[in-house]
Amino acid sequence: MHSLKAITALGGNEAQVDTVHGLTITECPDWAIASVAARMGKEKPLVTAFKKAMGMALPKPSKSTGKDGITVFWTGPDQYFVEAPIADNETLADTLAEALKRTASVTEQTDGWVRFDVQGAGCSDVFERLCILDTRTMAKGTVSRTSLEHSGCFVMCRTHAYFSVYGPRSTAASIHHALVTAAKSALG
Amino acid sequence: MTQINRLTGGLIDHSKPLDFSFDGKSYQGYAGDTLASALLANGVRLMGRSFKYHRPRGPLTAGSEEPNALVELRTGARQEPNTRATTAELFDGLVANSQNRWPSLQFDAMAINDRFSNFLTAGFYYKTFMWPAAFWEKVYEPIIRKAAGLGSLSMQDDPDAYDKGFLHCDLLVIGAGPAGLAAALAAGRAGANIILADEDFACGGRLNSETFTLDDADASDWIAATLAELTSLPNVRVMPRTTVIGAFDHGIYGAVERVSDHLAVPAPDKPRQIMWRIYTKRTVLCAGAIERPIAFENNDRPGIMLASAIRSYANRWAATPARQVAIFTNNDDGHRTAADLQAKGVTVSAIIDTRADAPSSKQAEVLAGAQVVNSLGRLGVKQLTVQLADGSMRHVHCEALGVSGGWNPNVHISSHQRGRPEWNTKIAAFIPGKDGPDGLSAAGAAMGVFSTAGALESGMNSAISALQDIGISTKPIKLPKAEDAPVNLQPFWHVKVGKGRAWLDQQNDVTVKDVKLAHRENFRAVEHLKRYTTLGMATDQGKTSNMGGLAIMAELAGKSIPEVGTTIFRPPYTPVAMGALGGRAVGKNFHPTRKTPSHTWAEEQGAVFVEVGNWLRAQWFPQAGETHWRQSVDREVIATRKSVGICDVTTLGKIDVQGADAVTYLNRIYCNGFAKLAVGKTRYGLMLREDGIVMDDGTAARLANDHFVVTTTTANAVSVYRHMEFCRQCLWPDLDVQLISTTESWAQYAVAGPNARKLLQKIVDPEFDISNEAFPFMGCGAITVCGGLRARLFRISFSGELAFEIAVPTRYGDALIRQMMEAGKEFDAVPYGTEALGVMRIEKGHATGNELNGTATALNLGMGRMVSKAKDSIGSILSERAGLNEPDALMQVGLMPVDLTNPVVAGSHLMAKTGPVNAKTDQGYITSAAYSPILKTSIGLGFLKDGGNRKGEIIRAVNPLNKQEVLLEVVSIHFFDPEGERLRA
């Protein structure tokens with residue numbers, strides 16, 4: 001086991017949790033992410049290979065699916081992010097690359113992103129101060145790309161009281177600040 | 001405190017007194033007052049001084065169209081100029097001061113301008129201030145700057161927070177008067193997503209100012225019931241205190257919500273205002289109408305107001321500007337003011353009606369076919385001179401005059417995006433035209449439907465029609481019984497009797513004479529009229545004056561009013577605080593901050609940071625005792641070249657390139673060849689733009705046959721990735737290549753210096769041989785470090801030293817730098833920042849953004865031969881253009897001062913050793929310069945004409961701005977280790 005200690009995107013040893021007027025904003029460092037992009041002419045073989053390897057169909061545009069703690073969401077034409085608990089899946093990209101053979105190009109994306117989970121009744125009141133997404137009408141399981149207070153992010157609607165924001169890891173502090181500030185402003 | 005002009009009733013709360021001060025004097029008003037209504041109730045009519053002539057002024061209106069009663073609201077850092085007293089909600093402790101006067105409102109020395117009005121007419125500044133020429137900068141301009149403007153800024157930072165936000169709806173209803181409320185109610189009951197916005201703090205629109213009944217009860221009953229229902233509906237969002245400021249493209253509307261302006265200070269963490277972007281499918285504009293005045297000589301005295309405004313003050317705010325009021329009207333609406341005033345116990349001294357067949361009145365004597373030709377009373381109107389129908393003159397006493405020239409539908413927003421309103425002869429006014437913003441329709445008074453019954457019905461019908469358009473069926477609702485009076489108006493724009501000035505635009509002090517002057521001087525097109533006279537160019541955008549100006553120009557030009565036309569309407573509808581446009585992007589949060597993986601560690605070391613785009617990078621790491629940055633930077637360079645230094649280079653773009661055609665793709669992106677790059681090797685790559693100019697440089701590392709990692713400069717990471725995606729998706733969709741950015745995913749450090757390998761051998765796991773034989777210069781590969789952590793190693797060097805770049809997943813970047821510094825202790829390892837990085841790369845002659853400046857070609861960089869002619873690549877063809885390949889083309893050279901104590905100054909231009917200094921004799925320019933602690937002199941890189949053939953020549957670097965000239969010798973760009981022996985160690 002290697003000797004290097006990981007820190008979270010916000011620079012802490014533990015994940016940051018904030019509660020603002022009943023809304024919790026939680027830093028989520030324990031996820032591995034791999035990008036899967038179909039190779040040319042291999043779009044259908046990828047679907048088959050992925051189903052075989054992961055037991056799931058690949059999601060349609062702007063949608064996500066999940067099974068046994070693993071989530072897959074659409075990120076572009078024939079492109080997907082696969083997210084799995086990092087404890088057992090730190091080398092997710094390698095595992096997937098091997099399983100999918102050359103039907104897709106697989107790239108580690110784990111530390112390209114910081115994930116913040118936003119939970120509570122006031123989610124939409126907060127998101128409407130941050131990004132253009134109409135979170136009040138977003139269907140469950142939808143993932144949209146958007147600019148959130150000037151950072152390019154993915155926003156996933158799990159339920160109307162539970163969203164996840166994936167933003168660039170280097171910008172974690174700014175994104176966190178934007179979430180907390182908007183919550184303090186819009187709620188309570 | 002007595003409020004001498006306070007009346008009974010109204011929509012104010014007489015049980016809630018509020019203290020406020022104006023120009024240092026204390027007064028009392030009530031909850032529900034505006035600053036203007038409270039001042040009027042206290043007998044204060046004088047509230048401002050006009051822009052040019054500093055004439056005493058009072059409020060003309062009771063709304064956001066106000067031209068005169070502009071005050072500085074609040075004090076200290078929150079002070080705001082040009083606040084309309086007519087819309088400022090009164091709160092306890094409110095402090096306001098008048099503006100544009102010295103020393104006081106009552107006595108303003110600048111009123112001397114009024115005596116020179118003949119010299120200060122429209123456009124006077126085009127004819128003056130020209131002689132003597134020397135006076136312009138030192139005398140005229142400072143005077144004009146001092147005199148210009150109305151209010152003053154606090155000059156302190158705005159301490160308030162502003163939010164920005166995004167709303168979505170099926171139907172946006174602009175205005176919550178009878179038309180808007182009916183529209184929202186019908187649409188809300190149909191289940192559509194509705195936003196109902198009104199600039200006022202109380203919904204109800206004109207109904208709040210009238211004594212109309214709805215269903216034989218107070219209009220306020222119906223308003224309250226409607227609002228209660230609307231706010232109970234989950235699909236309806238009612239937004240009072242929210243001004244829709246503009247119709248923008250694609251159905252997007254801007255709206256400013258005043259969250260805290262009615263409070264003394266915003267609550268903690270809450271914004272002062274919110275700038276909303278509303279994305280709506282359909283919009284109904286129910287913005288009502290604005291009354292227009294009639295111009296006559298001295299029509300601008302305090303107390304002379306729009307008749308409907310006097311009615312608003314009396315009915316809604318229980319205040320009257322005076323106890324004796326006269327009316328001047330050309331339509332029935334003026335009579336309504338007389339009736340409502342008398343009902344509240346105010347005397348109406350006369351109704352001066354321009355119509356020969358004016359109706360009689362129970363409230364006062366009606367002077368039919370008469371016109372007001374003058375007024376007296378400098379600090380407040382006292383008396384009118386009236387010309388009767390038979391031509392005789394009469395004096396009428398009054399301390400306020402209500403003027404009603406008819407109503408202008410509020411077409412502003414329907415005329416955004418170059419919509420043009422249409423003329424409606426029946427009401428002698430413009431109504432919304434057919435080419436306004438897509439998806440917007442108008443209803444009620446905004447559409448020229450002036451009666452309450454008409455407004456209710458047209459509001460409801462517009463909503464039904466708009467929702468039908470988007471597939472939502474809406475049932476008509478039961479509307480209350482309401483008045484349905486016809487419009488009885490005879491157009492009358494201005495009184496032609498009298499030689500003195502009659503005001504049109506009161507805020508910019510534009511008179512009827514100015515319009516006539518513009519016509520005489522041939523500025524007759526409506527857009528010229530506007531700009532030559534400045535009519536309509538003040539903060540009120542001419543809402544109460546444009547019509548009058550057009551009508552007079554039409555008369556003079558012998559045209560109809562619609563033939564003269566209107567000027568372009570532009571957002572914002574009313575002034576917007578700059579803070580609302582900036583939102584939260586203020587100060588440190590102006591843009592997001594990107595931190596490197598070693599940021600926390602660098603902070604602990606006391607690093608000095610520099611902004612590189614959104615990134616913060618360590619610039620240098622001062623040690624104890626160092627007081628000047630040169631000490632730190634020199635030390636870092638010396639230490640790195642002597643032993644080993646470590647630098648965080650995470651910020652440089654990293655792009656993962658995979659696919660069966662990855663090599664083909666890279667060969668087209670880069671001008672140099674990549675087809676033969678072996679797996680496990682890295683190559684320097686030059687990317688050209690289509691026009692042959694260099695776009696970016698970097699490296700491509702081949703990790704597998706079909707897998708590369710491409711690097712870019714920090715500054716171009718995003719633009720190169722965007723370019724690469726464009727090429728992949730649009731230029732060559734037939735290639736099998738996939739891209740994704742990995743800049744963020746991997747922490748990357750440069751480890752450079754003679755002991756770099758020795759240090760890394762303590763980090764890299766022993767099964768990976770990184771000796772010179774096993775891992776030569778430009779090698780690359782996947783490795784593990786510190787007992788099994790996945791990592792990547794690249795043997796590339798920007799510093800020119802024996803160097804590697806080591807990458808680990810970002811979450812381990814902090815631990816890695818700490819481990820490497822620990823391992824490096826035995827080698828006196830130093831961290832180095834961007835400054836030392838810059839010095840070392842200049843010493844080695846490596847180009848960066850300073851050289852890749854958007855005009856340099858590969859040839860200029862001395863890399864002309866790198867543009868392969870064995871294949872096609874972006875920019876290859878156009879790089880062959882004759883103009884880019886002249887025999888004396890600029891060439892990159894090294895520069896050293898002849899006198900080693902002299903500086904080399906980047907940006908200096910290069911000239912021959914002697915001779916004139918001008919653009920014709922220009923030989924090139926210096927792109928980069930630094931002090932080299934290794935060579936103990938300043939050195940620089942630059943572009944010099946035919947530089948390749950001028951080594952050894954002595955030239956001059958000139959900096960005419962600072963009168964600097966330095967003799968330099970032209971040398972090789974490789975100042976240090978020119979054979980590259982250290983690189984390949």
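Quick note on labels: first sequence line is chain A, next is B, and so on, each numbered from 1.
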Which atoms of [X] come close to chain A, meaning under 4.5 Å heavy atom to heavy atom: side chain ones, backbone ones, both, or neither?
{"X": "B:Thr650", "value": "neither"}
{"X": "B:Lys595", "value": "both"}
{"X": "B:Leu167", "value": "side chain"}
{"X": "B:Pro733", "value": "backbone"}
{"X": "B:Asp734", "value": "backbone"}
{"X": "B:Leu735", "value": "backbone"}
{"X": "B:Val737", "value": "neither"}
{"X": "B:Ala660", "value": "backbone"}

Next on the checklist: Closer than 3.5 angstrom, by distance alone: can the side chain of B:Lys164 be matched with the main-chain N or O of A:Leu130 as a donor-acceptor pair?
Outcome noted: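 No, B:Lys164 side chain to A:Leu130 backbone: no donor-acceptor pair under 3.5 Å.
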Item to check | Test log, rule side chain to side chain contact (heavy atoms under 4.5 Å, CB included), inputs A:Arg129 and B:Ile274 | outcome: CA-CA 9 Å; A:Arg129 307 260 174 131; B:Ile274 304 174; 3.4 Å; yes
Item to check | Worked check of side chain to side chain contact (heavy atoms under 4.5 Å, CB included) between A:Arg39 and B:Gln658 | outcome: CA-CA 9 Å; A:Arg39 292 211 173 176; B:Gln658 295 190 40; 3.4 Å; yes
Checklist entry - Among B:Asp661, B:Val259, B:Val785, B:Asn589, who wins on heavy-atom pairs under 4.5 Å with chain A? => result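 The candidate making the most pairs under 4.5 Å is B:Asn589.
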To the nearest 0.5 Å, what is the distance between [atom1] ([X]) and [atom2] ([Y])?
{"X": "A:Ser185", "Y": "B:Arg584", "atom1": "OG", "atom2": "CZ", "result": "4.5 Å"}
{"X": "A:Gln109", "Y": "B:Glu744", "atom1": "CD", "atom2": "CD", "result": "9.5 Å"}
{"X": "B:Ile763", "Y": "A:Ser3", "atom1": "CD1", "atom2": "OG", "result": "8.0 Å"}
{"X": "A:Ile7", "Y": "B:Trp601", "atom1": "CD1", "atom2": "CH2", "result": "13.0 Å"}

Checklist entry - Taking side chain as C-beta onward, heavy atoms only, is A:Thr107 less than 4.5 Å from B:Thr742? => result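 Counting from C-beta outward, A:Thr107 and B:Thr742 do come under 4.5 Å.
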Checklist entry - Going through the distances and angles, do A:Ile132 and B:His168 end up as a side chain to side chain contact (heavy atoms under 4.5 Å, CB included)? => result CA-CA 9 Å; A:Ile132 195 182; B:His168 301 262; 4.3 Å; yes
Item to check | Proximity breakdown for A:Ala9 and chain B, heavy-atom pairs closer than 4.5 Å | outcome: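 Contact with chain B: none, neither part.
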Next on the checklist: Please classify the contact of A:Glu90 with chain B as side chain, backbone, both or neither, using a heavy-atom distance under 4.5 Å.
Outcome noted: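 Both backbone and side chain.
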Checklist entry - Can you check side chain to side chain contact (heavy atoms under 4.5 Å, CB included) on B:Arg811 and A:Thr110, steps first, answer last? => result CA-CA 9 Å; B:Arg811 65 180 59 203; A:Thr110 301; 3.6 Å; yes
